[in-house]
Amino acid sequence: MGDTIEYDYGPKGGEVTADTLALLAEMGKQFVSTGDLDISLNLAVEHITDYVEAAGGALFMLDEAGETLTCEACYGDTDIIGMKVGASQGIVGACVQNDTGEIIRDAQTDDRFHKNVDENTGFTTKSILCAPMSVKDVKIGAIELINKRTNDGFFEETDLALLSALASSAALAIINARMAEQLVEQERIARELELAGEIQLSLLPKGGEGWPVAGINIPAHTVSGDFFDYFQLEDGRIVFNLGDVSGKGMNAALMMAKTHSLFRCLGKTIDHPGRLMARVNEEICETATRGMFVTMVGGIYNPKTGVLRIANAGHEPPLLQDQSGAFHSYPADAPPLGISPLIVPDDGYPVEEIHMNGGAFYLFTDGLTEGYVNGNDELGVEGVETLLSQNREADVTSRLAVVIGAIEQTETTQLRDDLTMLGVDDREAMETRAGSSNMQAAIGSEQVVIARVSVPATADRLKLLRSVVGDTARLAGFDDKAAFDIMLAVDEAGQNVIRHGYGEDTSGDMELVISRCAENLVYELFDSAETVDPTTIKSRDLEDVKPGGLGVHLIHEIMDSVEFLPRSQEGGNILRMIKKVDS
């Protein structure tokens, strides 16, 4: 065998040759280089069996529960890979449980020997050599060799010492290989979580300078179960939401992505917050698993009116800070999404209508109010209100950043939960509305009526309106082309009154009042039809090839200002169109 090195295995004694050390080194190298634990185990059993000069060998691994031993690799004439025995059964089980190697010189007379393998294969087992694979108190399994390749077929004490050394080396190599696999798996999962986090981040709206809505989301971990979104409809209204998925990790992140996508897709066609939330709830209930649910507030804000309509599905009460600085909360009166479609009313989730009047509206998740400030103190709703009040003059994005920044976030302080907050600020929109009202007042006080025409609301009478509009426009200084454009705009407005205002009612009438106000011509078209909702009147992109909607586009393109006003409490409409004389 070559040079020898004395090696103490305890009372039995023994020696390890330089060849043995070379084998140990080779086995360790194979475990590292192959990258496949099954291949490494088979190579190890093959080398050990041949080195100890046994007829066959098998390696049994103990499962994580410590209840079953399974043959993971074998070498020789008999293939028993996949064979399972109880963790305390047979010679292998005793070896593992006692963490002691054994030599069985006459296997046929040992009650622990399973003779069914010999009976099924025709092989005759004479002697067995078994050594445990363990590192400190960690039991890995055992290596079992059968029938020494000598005349008598019996193993010796030196064989047991040798197998014990080889088994211990294999155990250490297996643990290292498992750790390497775990590290690779952890890196893979970490990378997947990073990609999921990047995808989630891409789902958040970008907004922009001048937007009255802003939001912030800071995940406690790589991915978040919180979300927010907002987007603008064609008529200028802004749809928004903020939600929190139950649970943590990838499941919550996937549910977040689904809910976010559903709301954004359906919110472009369903402009009623209650019905929109009900539709999202139906979809989530169809596929929600493991009892997951979503608390969420969804709403629509109209900058032109300052009216905000929300539906709250089991979420934290939003806050409205009015112009005086006082706060008002709006608790949920409906369950979260994903519980059941049967508990939602037929007309959808309840809707709260809020007149902001220059105030600011805030949504947030419980991760914010339960976040730590000053050690172990929670921020709470009062803390949120205090910070918002102290920063009222800042823009909405800065206000949110101050509140979120109050939560302790350091390398050593782990967030308790995701931090998410959204704000809707009506201050600038109210100033715009006030400016419009002032302009209306100025027009009313300085208007000089230069023409007034009343006609039945029928198509054959629009010719008279066109004639009056053209003549007054030219008298005011417009050239023929500009006068013709103004006639087109007023004519289109009259046709809309006839077709959409009165419909089949041929008894209606229209009145056109043309006034001069400083450098403006003001065209006011009065009707007595049912009062319309201005937010439902939309112009259409010229590239969108289908009938309808171009007339509204034409009017806005020609005139400098267009607005709808209710005529009176009894009904009716006023379409006010303004054209600057010098334009």
Side-chain angles (χ1 to χ4, degrees), residues 435-532 534 537-540 542 547-568 570-583:
S436 176
S437 298
N438 292 336
M439 182 177 181
Q440 292 174 17
I443 290 174
S445 61
E446 300 176 8
Q447 271 182 278
V448 177
V449 176
I450 56 178
R452 184 188 299 268
V453 184
S454 296
V455 297
T458 55
D460 60 333
R461 299 304 176 94
L462 290 176
K463 181 178 180 180
L464 177 58
L465 293 186
R466 291 194 296 269
S467 176
V468 173
V469 169
D471 290 342
T472 54
R474 281 185 285 270
L475 288 172
F478 289 102
D479 59 25
D480 289 342
K481 180 181 182 307
F484 180 76
D485 288 342
I486 296 172
M487 281 193 296
L488 283 180
V490 176
D491 182 75
E492 183 62 37
Q495 292 186 51
N496 286 340
V497 170
I498 296 170
R499 288 197 301 264
H500 306 299
Y502 288 112
E504 297 181 358
D505 183 3
T506 58
S507 62
D509 57 13
M510 296 183 293
E511 182 179 25
L512 176 65
V513 177
I514 305 174
S515 307
R516 181 70 182 255
C517 176
E519 298 303 318
N520 299 310
L521 280 186
V522 181
Y523 298 87
E524 293 176 309
L525 185 62
F526 296 79
D527 67 62
S528 300
E530 183 178 349
T531 302
V532 301
I537 301 175
K538 306 175 183 179
S539 62
R540 179 165 55 79
L542 293 177
L550 289 180
V552 176
H553 178 89
L554 176 68
I555 295 171
H556 281 271
E557 283 293 311
I558 294 174
M559 295 299 189
D560 295 305
S561 175
V562 180
E563 60 181 332
F564 283 88
L565 303 172
R567 185 171 183 179
S568 68
E570 287 72 30
N573 304 276
I574 304 173
L575 175 61
R576 177 177 290 160
M577 299 167 284
I578 300 175
K579 184 69 174 178
K580 293 182 180 179
V581 175
D582 59 359
S583 64

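In what follows, every heavy atom counts, from backbone to side chain, and hydrogens, waters and symmetry copies are set aside.
- Contact detail for Val522 and Cys517: the closest heavy-atom pair is CG2-CB, 4.3 Å.
- Not counting sequence neighbours, the partners of Phe484 by the side chain to side chain contact (heavy atoms under 4.5 Å, CB included) test are Met487, Leu488.
- Taking the side chain to side chain donor-acceptor pair (under 3.5 Å) definition, one finds that Ser515 meets it with Gln447, sequence neighbours left out.
- Nearest heavy atom pair, residue Phe478 against residue Val581, reads CZ-CA, 3.4 Å.
- Checked by atom type and distance alone, the side chain of Asp527 never pairs as donor or acceptor with a backbone atom of Val497 at under 3.5 Å.
- Looking at residues two or more places apart in sequence or on another chain, you find no side chain to side chain donor-acceptor pair (under 3.5 Å) involving Glu530.
- Side-chain atoms of Tyr523 do not come within 3.5 Å of backbone N or O of Leu575 as any donor-acceptor pair.
- Put simply, the side chain of Lys579 gets close to the backbone of Ile558: a donor and an acceptor are under 3.5 Å apart.
- Using a 4.0 Å cut-off between charged nitrogen and carboxylate oxygen, Arg576 and Glu563 count as a salt-bridge pair.
- For the pair Thr531 (side chain) and Asn573 (backbone), a donor-acceptor distance under 3.5 Å is absent.
- Every side chain to side chain donor-acceptor pair (under 3.5 Å) that Asp460 has, sequence neighbours left out, goes to Thr458.
- Residues meeting the side chain to side chain donor-acceptor pair (under 3.5 Å) test with Asp509, sequence neighbours left out: none.
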Sequence neighbours excluded and cut-off under 3.5 Å, please list the side-chain donor-acceptor pairs for residues 467-477, or say none.
| residue | atom | partner | partner atom | Å |
| --- | --- | --- | --- | --- |
| Asp471 | OD1 | Arg474 | NH2 | 3.3 |
| Thr472 | OG1 | Val468 | O | 2.9 |
| Thr472 | OG1 | Val469 | O | 3.1 |

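- Between Ile574 and Glu524, the closest heavy-atom pair is CG2-CB, 4.3 Å.
- Listed by first then second residue, pairs satisfying salt bridge (Lys or Arg N to Asp or Glu O under 4.0 Å) with a partner in residues 493-506 read Glu492-Arg499, not counting sequence neighbours.
- Contacts of Val455 classified as side chain to side chain contact (heavy atoms under 4.5 Å, CB included), with partners at least two apart in sequence or in another chain: Val453, Arg461, Leu464, Leu465, Met510.
- Checked against salt bridge (charged side-chain N to carboxylate O under 4.0 Å, His left out), Glu557 has no partners two or more places apart in sequence or in another chain.
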